[in-house]
Every structure is written in structure tokens, then in C-alpha cells.
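Keep in mind it's a predicted model, so treat the numbers as computed, not measured.
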Amino acid sequence: FKSYCNSKSISLFRIKTGAWLVGKFPNPEYVAGALSADIDLFDGLCKISYSQSFEKGTNCNGTEVVTANAAQEDEAADLRNKLIQSIAPNSRYNFPVTSTVNVKYALVPDRVFDVAENQGDGTIKNRTFKLMITRSLEVKNASGTWVALTLNSRVNNLGEYQYFTKPPISNVVTTQVALPTAPALNTNNGNSIMSANGAFHATTIVSPVPPPPPPNYPNPIPDPVNNLVANNDYRFIVTATLKEFIGNAWSSALTRTGLAVIETKTFLFRTGAMQMVQANSITPIAK
């Protein structure tokens with residue numbers, strides 16, 4: 001008996017795949033990659049090849065972060081004369097008595113932040129800073145002396161610090177009124193009694209009525225209102241100082257040349273028109 005059937009193996013399919021991916025973060029962000037595949041069905045009866053690449057973001061082809069010959073940096077010096085950006089409004093005369101003095105700083109006061117400073121020799125130095133503010137508002141009295149006022153502050157939506165004074169607290173005179181005595185009285189519920197001397201005795205605990213909501217609820221709190229006096233001269237002084245955390249203590253930040261990073265601005269204004277000054281008569285000198 002002769003077999004006419006010969007055994008033969010057939011590969012149903014072969015699949016080859018490959019992929020690569022590269023990413024760079026965080027600034028700028030960049031992702032690129034590719035995916036490829038080869039599919040062979042029934043020993044070459046059907047062949048399929050697939051290749052797809054993608055790229056997203058901005059590729060950064062910069063130099064090394066630190067090199068031995070990189071320029072030496074001075075982060076403290078870069079902030080000199082830039083700590084106080086603006087004072088508004090800048091009206092010298094006819095300053096509104098209800099307007100606040102708004103100051104814009106380059107940094108958020110009292111917020112600690114770190115910076116990396118290239119030392120120029122291939123090393124990086126981490127420095128810790130914060131901005132400290134002192135400010136004052138003074139009014140000139142009749143004798144020409146500057147008198148300090150109590151100053152309050154608030155931050156608006158633009159990041160400006162608004163400085164203003166509050167009105168003086170008025171004296172409230174209270175008068176005690178004696179209540180007349182009354183005979184003993186029983187309440188309807190029988191749980192409380194008023195004695196003849198006017199004292200009220202309760203045998204039950206009554207929860208107090210909650211206070212009413214504020215008048216502006218649920219509206220947001222309005223901008224603060226200043227309380228200046230018309231036809232007066234005022235002087236606003238603000239000083240911004242850059243501090244550095246060195247040796248577990250805050251010290252004045254210094255540049256590489258030893259200069260302190262501090263800035264002071266004085267704003268003089270008057271809540272009235274410019275005063276006219278009469279010039280003194282000049283007597284000619286006889287020759």
C-alpha cells in the first residue's frame with residue numbers, strides 16, 4: 001500500500017513589531033516616537049507592512065545646563081531697583097480722600113522662593129530669598145510736623161497691595177436704665193418665673209437665635225475705602241528689602257559686589273488743590 005499523502009507544515013502567520021519613544025520635559029514639552037509591524041500570512045500568501053511615526057510639542061536642542069566656561073550669574077543683582085514696580089494713583093494734587101494707595105511689587109511679600117545660580121565654574125548654588133516690606137503713611141499737621149497714621153492693607157485681583165486708613169472709633173456713651181420692680185409672674189409654659197425684684201429664672205435652655213447674614217451676602221467684599229481728610233498733605237513711604245536665608249537666619253541679600261538689594265520710594269500727595277505761595281519781595285542791594 002502506497003501513501004499518496006505527504007506531510008507538509010505551513011506557517012499560518014508571522015508578526016514582527018517594533019517601537020521607539022522619546023520625551024523631553026518640562027519646558028518645553030516634546031514627545032516623539034514610531035511604531036512598525038510586518039505581518040506574513042500563510043507563508044507569503046499575504047504580506048502586510050505597517051509603519052507610523054508621530055511628534056508633538058517643541059523639540060529643545062539646547063546646550064548643557066552647566067558648563068565650565070558659562071557666564072557667572074548674580075540673581076540678587078538682577079533684582080536691584082526692580083522690587084517696587086509702581087505706585088498708583090500718581091495724582092500729586094486733588095488726591096481723592098476715599099482712594100487707596102496701590103503698590104505693585106515684583107515679588108510676593110513674605111513668600112519664600114529658591115533660585116539656582118550659575119557660579120561660572122561649572123557648579124550651581126541654590127539661594128533662598130524672600131521679599132520684606134515696610135510702609136508708612138503720614139499727614140502734616142498745622143505746625144508742619146509729619147504724624148504717622150495707622151495703616152491697613154489688602155490685596156486686590158491685580159496683585160496690587162492697597163493701603164488705607166480706617167476711620168477713628170467713635171465713643172459710644174451708654175446709659176443704664178433701672179427697670180421697675182414688678183410682681184411675680186408665671187409664664188404660660190410654667191418653665192420660667194420672674195420674681196418681684198425683676199430677676200428672670202429659667203428652668204429650660206433656649207437656643208439663641210442665629211445672627212442675620214452680613215448686608216453684602218452673598219455679594220463679594222467691595223474694595224476698601226480710604227479715610228483721608230480734605231486739603232491735607234500726606235506722605236507715603238514704602239521700603240522693599242530682599243532677604244536671603246543664610247546659616248539658619250534671614251539676612252540682607254547682597255550682590256557679588258557686596259551691595260544690599262533694597263529699594264525705597266516716597267510718594268507725596270495732597271487731598272486738595274496746589275497751594276499758591278507768594279514770593280517775598282526782593283530789595284535791591286545798593287552799590
Side-chain angles (χ1 to χ4, degrees), residues 25-29 60 62-67 70-90 99-139 146-166 220-228 234-269:
F25 302 95
N27 189 17
E29 297 179 353
C60 179
T63 58
E64 295 180 355
V65 176
V66 180
T67 58
Q72 190 179 51
E73 296 178 331
D74 192 344
E75 298 293 338
D78 292 341
L79 292 172
R80 292 195 77 238
N81 302 320
K82 299 178 182 179
L83 299 177
I84 304 175
Q85 294 185 344
S86 63
I87 298 178
N90 55 1
S99 177
T100 60
V101 180
N102 302 336
V103 182
K104 181 71 173 180
Y105 301 106
L107 305 170
V108 179
D110 297 324
R111 178 177 293 180
V112 179
F113 63 98
D114 298 325
V115 294
E117 185 180 80
N118 192 345
Q119 302 302 296
D121 57 357
T123 61
I124 290 291
K125 178 182 179 181
N126 292 322
R127 304 181 69 179
T128 302
F129 297 111
K130 74 174 179 179
L131 182 65
M132 297 189 65
I133 302 299
T134 59
R135 72 283 187 283
S136 63
L137 180 63
E138 301 169 327
V139 61
W146 291 104
V147 179
L149 302 175
T150 302
L151 200 58
N152 302 273
S153 65
R154 212 190 80 178
V155 184
N156 61 14
N157 295 333
L158 300 177
E160 298 174 328
Y161 281 71
Q162 299 176 291
Y163 298 103
F164 57 96
T165 61
K166 287 186 177 180
I221 300 175
D223 288 336
V225 176
N226 213 343
N227 293 273
L228 306 176
Y234 289 89
R235 180 171 67 179
F236 177 78
I237 304 175
V238 56
T239 300
T241 306
L242 187 66
K243 295 289 186 178
E244 184 174 5
F245 193 70
I246 303 175
N248 296 326
W250 289 102
S251 305
S252 296
L254 302 177
T255 65
R256 291 188 179 275
T257 58
L259 299 177
V261 184
I262 183 172
E263 185 176 4
T264 299
K265 288 188 177 182
T266 301
F267 175 46
L268 298 172
F269 61 95

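A side chain to side chain contact (heavy atoms under 4.5 Å, CB included) with V238 is found for exactly one of I87, T264, T134, T266, namely I87.
Separation of atoms OH (Y163) and CZ (F267) is listed at 14.0 Å; rounding is to 0.5 Å. Here the CZ-CD1 distance, from R235 to I237, works out to 4.5 Å after rounding to the nearest 0.5 Å.
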Item to complete: Decide yes or no on side-chain contact (heavy atoms from CB on, under 4.5 Å) for E160 and V103, but give the supporting numbers first.
Response: CA-CA 5 Å; E160 298 174 328; V103 182; over 6 Å; no

Discussion item. side-chain contact (heavy atoms from CB on, under 4.5 Å) for V112 and W250? Distances and angles first, verdict last.
Written reply: CA-CA 11 Å; V112 179; W250 289 102; 3.9 Å; yes

Worksheet item: For T128 and D114, what are the C-alpha separation, side-chain angles and deciding distance, and is it a side-chain hydrogen bond (donor to acceptor under 3.5 Å, both in side chains)?
Response: CA-CA 4 Å; T128 302; D114 298 325; 2.7 Å; yes

Worksheet item: Is there a side-chain contact (heavy atoms from CB on, under 4.5 Å) between L228 and L137 once you walk through the steps?
Response: CA-CA 11 Å; L228 306 176; L137 180 63; 4.2 Å; yes

Discussion item. Evaluate L131 against T241 for side-chain contact (heavy atoms from CB on, under 4.5 Å), listing each step before the verdict.
Written reply: CA-CA 6 Å; L131 182 65; T241 306; 5.9 Å; no

Practice prompt. Run the numbers on Y161 and Y105 for ring-ring contact (aromatic ring centres under 6.0 Å, His included), then give the verdict.
Written response: CA-CA 8 Å; Y161 281 71; Y105 301 106; 5.5 Å; yes

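Annotation: side-chain hydrogen bond (donor to acceptor under 3.5 Å, both in side chains) contacts of E263 (sequence neighbours excluded): none.
N226 places a side-chain N or O within 3.5 Å of a backbone atom of T165 that can act as its donor or acceptor partner. Judged by distance alone, with hydrogens and angles left aside, the side-chain atoms of N227 form a donor-acceptor pair with the main-chain N or O of V225 at under 3.5 Å.
Between I124 and N118 there is a side-chain heavy-atom pair separated by less than 4.5 Å. With a 4.5 Å cut-off on side-chain heavy atoms, T150 and K166 do not count as touching. V261 is not listed as a side-chain neighbour of L254, based on a closest heavy-atom distance of 4.5 Å or more.
Here the closest non-hydrogen pair linking R154 and P224 is CZ-CD, 3.8 Å. Taking every heavy atom of both residues into account, K82 and A106 meet most closely at O-CB, 3.0 Å. Taking each heavy atom of R135 and S153 in turn, the nearest pair found is NH2-OG, 4.0 Å. Shown here for A260 and R80, the closest heavy-atom pair between the two residues is O-NE, 3.6 Å.
Residue pairs meeting the salt bridge (charged side-chain N to carboxylate O under 4.0 Å, His left out) criterion with at least one member in residues 104-113: none, sequence neighbours excluded.
Using a cutoff of 4.0 Å between basic side-chain nitrogens and carboxylate oxygens, R256 and E117 are scored as salt-bridged. Electrostatic pairing of R127 and E244 counts as a salt bridge here, judged by a charged N lying under 4.0 Å from a carboxylate O.
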